[in-house]
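The block underneath contains the structure these notes are about, expressed in structure tokens.
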Amino acid sequence: MCQVDEEGISLLEKKPSFGASSRDCMKCGDRAVVIARIKDAFCRSCFLTYFVHRFRATFGKAKVIRDGDKVLLAFSGGQCSSAMVSLVKRGLDQSTHKKLRFTPALIYIDEGVVTGQSKEERATTCQKISDIMKETGFPWYIASLEEALEIPAQNSSPDTCQAGSSFHSNQDPNTDELAGKLEGLCLETEHTQRCRDLLASAKSLTAKQDLVSNLRNRLLVHKARQLGYHKVAVGDSGTRLSSGILANLAKGRGASIPVAMAFADDRWSDVTILRPMREFTTKEIVMYNALFNVDSLFQPTLATMAGDYASIDTLTETFINELQTNFPSTVSTVFRTGEKMCTAGSDDPDAVRRCSMCKSALDTSVGISSALSATRFSLHISRKEGSSTNENSCKATKPDDATCTDSSSEQCCGQGDGSCHSNQMKSVSAESLSKTLCYGCQVTVRDMKDLNLLPSYIVEESAKIERRSRMRDEIKDFLLCEES
Ligand SMILES: [Zn+2]
Ligand SMILES: [Zn+2]
């Protein structure tokens with residue numbers, strides 16, 4: 001996480017071991033105030049030039065943004081996204097050399113439901129955030145995390161350019177009216193309790209954190225579509241991405257590392273996630289915010305006060321933060337190594353089958369003598385043993401036992417293309433889910449007590465794929481060419 005309080009910053013500046021006070025700026029020779037990267041000493045103004053240049057260069061190098069593109073900036077109020085918004089503002093400034101040429105807007109996703117905040121607490125936070133967002137002068141929007149549960153499965157006409165019900169923008173010149181609207185922001189809907197149940201159903205903090213980040217990403221993409229944006233910029237710093245690499249490896253999500261840390265994440269065909277802060281360490285970002293008075297708002301998350309060993313994410317985060325303190329160059333080694341990773345697979349991105357939860361390429365079609373098959377086999381055996389000792393509890397406590405779910409009772413309306421919804425699966429089995437989820441997401445889902453609480457975009461999609469594969473099985477003898 002990127003929270004270092006003001007006191008921490010002043011300590012850093014005063015600490016003799018920090019070294020900047022006794023050194024000169026490497027650019028102009030003035031007295032240095034910060035040390036960026038590992039040993040580059042800068043004065044205040046040269047640090048700003050370096051920082052803004054590096055931010056712009058990240059966009060320039062990737063060449064994914066064209067002049068006039070609309071980019072939605074995901075703003076959480078934290079240090080990293082606050083710095084990102086401030087840098088975009090500087091980059092768009094007319095006087096800037098080589099200015100940024102896109103049209104930004106801000107979106108804030110209220111995650112109060114995750115930490116069990118009351119409606120009033122969430123409203124207060126939204127008010128504070130909206131005040132910060134108003135000051136930027138960009139259009140802004142607020143959504144609540146539980147809206148992610150309403151997202152339909154893909155291909156069910158998501159591309160409407162209409163703002164959602166809980167969206168408010170400062171394009172409206174009347175700010176008083178806007179404030180009234182913000183109070184009307186619906187922070188307690190029927191989905192709020194469902195979202196709480198979903199999180200309560202996940203047994204480990206790792207699974208909970210995975211679910212929250214999945215809901216957040218899905219909602220960002222969904223809202224971008226609704227608002228007519230095709231690019232979403234997030235504030236992930238290099239430090240956070242480095243700990244993400246290690247966490248993803250530990251969770252069996254190695255295959256998704258290349259897209260999860262790339263500047264342009266193209267898992268969704270119509271919306272690209274951008275990570276313009278990836279070239280900065282969290283420490284550099286905190287220094288930038290402190291030196292140039294960038295406001296940020298600390299908000300508790302699931303991991304707050306949870307302890308270093310509470311989840312895989314907290315553990316890798318602690319590890320990377322300690323590396324950053326004691327061996328700063330090692331963090332960039334982790335980052336650059338992650339950058340070089342690639343997955344073997346089809347060159348045609350449209351031909352790749354994607355996980356219905358995280359949208360990364362499915363990594364589960366491997367040979368019979370693979371580690372994955374071995375894991376599945378031992379899981380199958382251990383479940384069998386578990387269920388034979390307690391047969392009656394099979395349905396209630398082991399919804400993921402494939403033998404407990406009778407999928408043949410499901411009937412189709414006969415539409416034929418697999419898109420019928422007339423008799424949707426009322427309950428979802430782990431077996432059908434496992435066909436549509438990557439290994440990492442299967443591990444997350446395995447940690448859940450009730451699979452039916454999963455968001456509809458996962459459940460519906462897996463039901464659809466299940467129907468299609470069953471249909472393909474039925475007609476396979478009549479197909480002219482073998483489809484994979
Ligand atoms: Zn200087
Ligand atoms: Zn997945």
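With respect to R336 and E279, a salt bridge is recorded, a charged nitrogen being found less than 4.0 Å from a carboxylate O. Ion pair D313/K251 flagged as a salt bridge, since at least one NZ, NE, NH1 or NH2 atom sits closer than 4.0 Å to an Asp/Glu carboxylate oxygen. Salt-bridge check for R218 with E461: failed, with every basic side-chain N at 4.0 Å or more from each acidic carboxylate O.
The shortest side-chain heavy-atom distance between R56 and L87 does not fall under the 4.5 Å cut-off. Put simply, the side chain of R122 reaches to within 4.5 Å of the side chain of T192, judged on heavy atoms. Q299 has its side chain out of reach of S76: every pair of non-hydrogen atoms, C-beta onward, lies at least 4.5 Å apart. With contacts defined as side-chain heavy-atom distances shorter than 4.5 Å, the pair V271/L72 does not qualify. The side-chain heavy atoms of F319 and S243, taken from C-beta on, include no pair separated by under 4.5 Å. Contact annotation: the side chain of F75 never approaches that of T136 to less than 4.5 Å [non-hydrogen atoms, C-beta and beyond]. Side-chain atoms of M133 and I142, non-hydrogen and from C-beta on, do get closer than 4.5 Å to each other. Counting only heavy atoms from C-beta outward, the side chains of D210 and N214 never approach each other to under 4.5 Å.
For the atom pair CG (N289) and CD (Q79), the distance works out to 4.5 Å, reported to the nearest 0.5 Å. In this structure, CG in D450 is found 7.0 Å from CE in M448, a value given to the nearest 0.5 Å. Separation of atoms CG (D30) and OG (S45) is listed at 7.0 Å; rounding is to 0.5 Å. Atom CG of L145 and atom CD of E111 lie 5.0 Å apart (nearest 0.5 Å). Note that OG of S144 and OH of Y108 are 10.5 Å apart. Values are rounded to the nearest 0.5 Å. In this structure, CE on M287 lies 10.5 Å from CZ on F292, to the nearest 0.5 angstrom.
Considering every non-hydrogen atom in both A143 and K223, the closest pair reads CB-CE, 4.1 Å. Across all their heavy atoms, C441 and R253 have their closest contact at SG-NH1, 3.3 Å. Residues A36 and E284 come closest through the heavy atom pair CB-OE2, 3.6 Å. C43 and V33 make their closest contact through C-CG2, 3.8 Å (heavy atoms, listed as atom of the first residue, atom of the second, distance). Taking both residues in full, the closest heavy atoms of D270 and R225 are given as OD2-NE, 2.7 Å, listed atom of the first, atom of the second, then distance. In terms of heavy-atom proximity, P104 sits nearest to L92 at CG-CD1, 3.4 Å.
Note: F42 and F47 have tilted aromatic rings, judged against thresholds of 30 and 60 degrees for the angle between ring planes. Ring geometry for Y288 versus F51: interplanar angle under 30°, hence parallel rather than tilted (30 to 60°). Classification of the F102-F59 ring pair by plane angle, with boundaries at 30° and 60°, yields tilted.
Using a distance-only test at 3.5 Å, with no hydrogens or angles considered, no donor-acceptor pair links the side chain of R354 to the main chain of T436. Side chain of N248 to main chain of S256: no donor-acceptor pair is present (N/O by atom type, distance under 3.5 Å, no hydrogens or angles). Using a distance-only test at 3.5 Å, with no hydrogens or angles considered, a donor-acceptor pair links the side chain of T124 to the main chain of E120. A donor-acceptor pair under 3.5 Å is formed between the side chain of S456 and the backbone N or O of I151. Q442 contributes a side-chain N or O that, together with a main-chain N or O of S434, makes up a donor-acceptor pair within less than 3.5 Å. Of the possible polar contacts, one joining the R44 side chain to the L291 backbone as a donor-acceptor pair under 3.5 Å is found. In this structure a side-chain-to-backbone donor-acceptor pair under 3.5 Å is missing from T272 to A264. In this structure, E147 contributes its side chain and I109 its backbone to no donor-acceptor pair below 3.5 Å. Between the S356 side chain and the S462 main chain, no donor and acceptor come within less than 3.5 Å of each other. When atom types are taken as modelled, the side chain of T281 and the backbone of S237 share no donor-acceptor pair closer than 3.5 angstrom.
Side-chain atoms of S329 and S332 include no donor-acceptor pair closer than 3.5 Å. In the model, T282 has a side-chain atom that pairs as donor or acceptor with a side-chain atom of T239 under 3.5 Å. Inspection of the Y141 and Q226 side chains reveals no N or O donor paired with an N or O acceptor under 3.5 Å.
Contacts of A310 classified as side chain to side chain contact (heavy atoms under 4.5 Å, CB included), with partners at least two apart in sequence or in another chain: L205, A306, T314. A search for salt bridge (Lys or Arg N to Asp or Glu O under 4.0 Å) contacts involving R278 returns E339, not counting sequence neighbours. Residues forming a salt bridge (Lys or Arg N to Asp or Glu O under 4.0 Å) with E322 (at least two apart in sequence, or on another chain): none.
Summarising the local packing, NZ of K203 is surrounded by more than 12 heavy atoms from other residues, nucleotides or ligands at distances under 6.0 Å. The number of heavy atoms from other shown groups lying within 6.0 Å of NZ (K27) does not exceed 12.
For the side chain to side chain contact (heavy atoms under 4.5 Å, CB included) with S242, the qualifying choice from V331, T333, T316 is V331, the only one to do so.
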Practice task
Mind running side-chain contact (heavy atoms from CB on, under 4.5 Å) on L433 and L454 for me, showing each step along the way?
Solution key: CA-CA 11 Å; L433 270 179; L454 283 169; 3.7 Å; yes
Exercise for the section: Would you sort out whether V212 and R216 count as a side-chain contact (heavy atoms from CB on, under 4.5 Å), showing the intermediate values? Expected result: CA-CA 6 Å; V212 171; R216 186 196 304 126; 3.8 Å; yes
Exercise for the section: Before giving the answer on side-chain contact (heavy atoms from CB on, under 4.5 Å), spell out for M357 and T444 the whole-Å C-alpha distance, their side-chain angles and the decisive distance to 0.1 Å. Expected result: CA-CA 10 Å; M357 189 162 166; T444 304; 4.2 Å; yes
Handout entry: Residues L451, V445; criterion side-chain contact (heavy atoms from CB on, under 4.5 Å); working and verdict
Key = CA-CA 7 Å; L451 295 178; V445 162; 3.1 Å; yes
